[in-house]
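Here's the structure, in structure tokens; my notes come after.
For the single chain, residues carry numbers from 1 onward in sequence order. All values reported here derive from a predicted model rather than from experimental measurement. Every number for a ligand or one of its atoms is a count from 1 in the order of the listing. The analysis underlying the following values was restricted to heavy atoms, covering all of them including side chains, and did not include hydrogens, waters or symmetry mates.
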Amino acid sequence: MTPLRVLSVASEVFPLVKTGGLADVTGALPGALEAEGVAVRTLIPGYPAVTGAIEGARPVHHVSDLFGGPARLLEARAAGLDLLVLDAPHLYARPGSPYHEPEGRDWPDNALRFAALAMVAADIGGGAIDGYLPDVVHAHDWQAGLAPAYLHYRGGVRPGEHPGGARPGTVMTVHNLAFPGKLPAGLLARLGLPPSAYAIDGVEFYGTISLLKAGLQFADRITTVSPTYAVEILTVEAGMGFDGLLRARADVLSGILNGIDTNIWNPATDTRIAARYDRATLANRAVNKAALQARMGLAADPDAPLFAVVSRLTWQKGMDLLLACLPALLALGGQLALLGSGDAPIEAGFQAQAAAAPARVGCIIGYDEALAHGMQAGADALLVPSRFEPCGLTQMCALRYGAVPVVARVGGLADTVIDANPAAMAAGVATGVQFAPATAEMLEMALRRTVALYREPAAWRALQANGMASDVSWRGPARSYAALYRDLVGART
Ligand code: ADP
Ligand code: GLC
């Protein structure tokens with residue numbers, strides 16, 4: 001069987017450029033899809049971190065003027081991925097974050113930077129690269145959202161090239177509806193869209209243009225990253241203004257749960273942790289707990305329930321709720337180890353708590369991939385009190401590492417953790433603690449339940465063992481994506 005060809009279009013891909021879970025997904029899914037007979041090439045902007053990582057790259061396409069400067073497309077293989085790197089120095093050769101200036105302001109030309117990515121995706125979908133035509137163009141999040149729109153408006157490009165269809169099939173995956181990618185309406189012509197596109201059934205979004213809406217409106221299929229989030233976003237409460245459109249397109253919307261890279265996240269082989277272990281050698285976790293306490297400046301207390309957070313510090317993640325519950329956590333005899341960065345008041349709040357009780361609260365503001373592994377390996381429990389969570393990856397890492405996840409029952413958190421209620425405990429399937437709604441009161445109750453379970457060693461070990469046995473790999477999800485692509489291509493032939 002000839003492999004199905006998929007062009008994945010994204011602004012981040014692990015390990016080259018990452019600000020969140022999006023990169024983990026776009027970095028790991030191609031490898032898992034290979035086993036399903038799907039060949040993925042990933043189109044990514046040529047940020048310095050990307051162009052610096054590709055050797056022996058081969059130019060396969062040139063654009064003389066891509067929104068104000070020349071651009072080339074470089075074909076390269078790096079980090080196990082088949083990449084198409086959009087080398088456009090006037091748009092991407094900038095230091096730091098992919099999205100904002102070193103001082104924190106969004107780059108003023110972000111609209112054009114990501115329209116350029118989508119436009120070149122549409123070029124590739126139209127046959128711009130000799131000998132390569134994707135069957136499906138798969139756009140991830142707002143940065144790639146215009147790709148389905150460009151392909152829609154361009155229509156047939158190379159007649160006869162595409163089996164039965166004038167253009168490749170298009171899939172839009174929503175990783176987070178909270179980022180609409182909004183631009184001023186006046187940019188429509190500059191983006192190369194027809195005047196008719198500025199309409200409710202086009203890219204118009206409450207008086208602006210939304211790149212995400214472009215994808216949601218024009219993609220043949222819409223997916224999001226968990227089945228529960230796929231249902232939640234049909235409601236006004238979670239729909240972020242897109243719920244009407246999503247309800248209208250519910251017949252092409254589905255939720256496919258993320259996985260994690262189980263080679264990178266494997267406590268039996270992880271060289272970033274103090275002591276390796278598996279289900280049979282769980283006792284080795286004590287070494288990792290001691291190492292984490294030392295790293296965080298916490299008291300070396302093997303019996304204190306050690307809670308960890310690895311997260312963006314934002315309202316979405318419910319970090320203000322946790323701040324409100326910290327006195328209760330400490331009164332329960334717990335310790336907190338936090339790694340993250342985000343909103344300044346939340347960062348300051350945790351820093352103040354750490355300064356007030358350094359033996360019980362440790363906080364590192366920043367981003368540290370290696371330490372994230374150490375936290376999963378050393379913590380007793382991982383806290384994810386999100387108000388909404390499209391999927392969430394850290395709770396899956398926690399399951400794999402025997403850190404018991406304590407999560408709000410929303411989105412992908414609801415789909416990946418089995419609450420330790422009496423029925424689940426009796427059936428021997430519980431893997432963590434869930435609470436709802438996401439309020440400080442309910443979080444505090446969840447902390448109490450968690451510490452009570454922790455004080456019952458047999459119950460706690462069962463939670464850890466069940467979690468470590470759950471399948472958090474990409475195998476199942478990759479099968480679902482492959483089926484979706486095949487169904488889409490089949491529907492178009
Ligand atoms: P989101 O993408 O919404 O931030 P996810 O749970 O999907 O949340 O993915 C977050 C990813 O980023 C995970 O791989 C997590 O381990 C990682 N991560 C988040 N914050 C940090 C941090 N401060 N240091 C290291 N890794 C982090
Ligand atoms: C987004 C979501 C997160 C999800 C990730 C990867 O960042 O906030 O829940 O896990 O994308 O899909």
S11: which of W142, Y92, Y99 passes side chain to side chain donor-acceptor pair (under 3.5 Å):
Y99
Using salt bridge (charged side-chain N to carboxylate O under 4.0 Å, His left out) as the criterion, list what pairs up with R113, not counting sequence neighbours.
none
By chain and number, the residues contacting ligand 1 below 4.0 angstrom (heavy atoms only) are K18, G20, G21, D24, V310, S311, R312, K317, L339, G340, G366, Y367, D368, E369, A372, E389, G392, L393, T394
Please state whether the rings of Y481 and W474 are parallel, tilted or perpendicular, taking 30° and 60° as the class boundaries.
tilted
Using a 4.0 angstrom limit on heavy atoms, which residues are close to ligand 2?
G21, L22, V25, H175, N176, V225, N258, R312, Q316, E389, P390, C391, G392, L393
Under a 3.5 Å threshold, yes or no: a donor from one side chain and an acceptor from the other, between Y206 and K182?
no
For T223 and S254, test the side chains for any donor-to-acceptor distance below 3.5 angstrom and give the result as yes or no.
no
With sequence neighbours excluded, residues passing side chain to side chain donor-acceptor pair (under 3.5 Å) with N266:
T269
For Q376 and D270, test the side chains for any donor-to-acceptor distance below 3.5 angstrom and give the result as yes or no.
no
With the threshold set at 4.0 Å, does a side-chain nitrogen-carboxylate oxygen contact exist between D487 and R221?
yes
Test: R272 and D368 ion pair at under 4.0 Å:
no
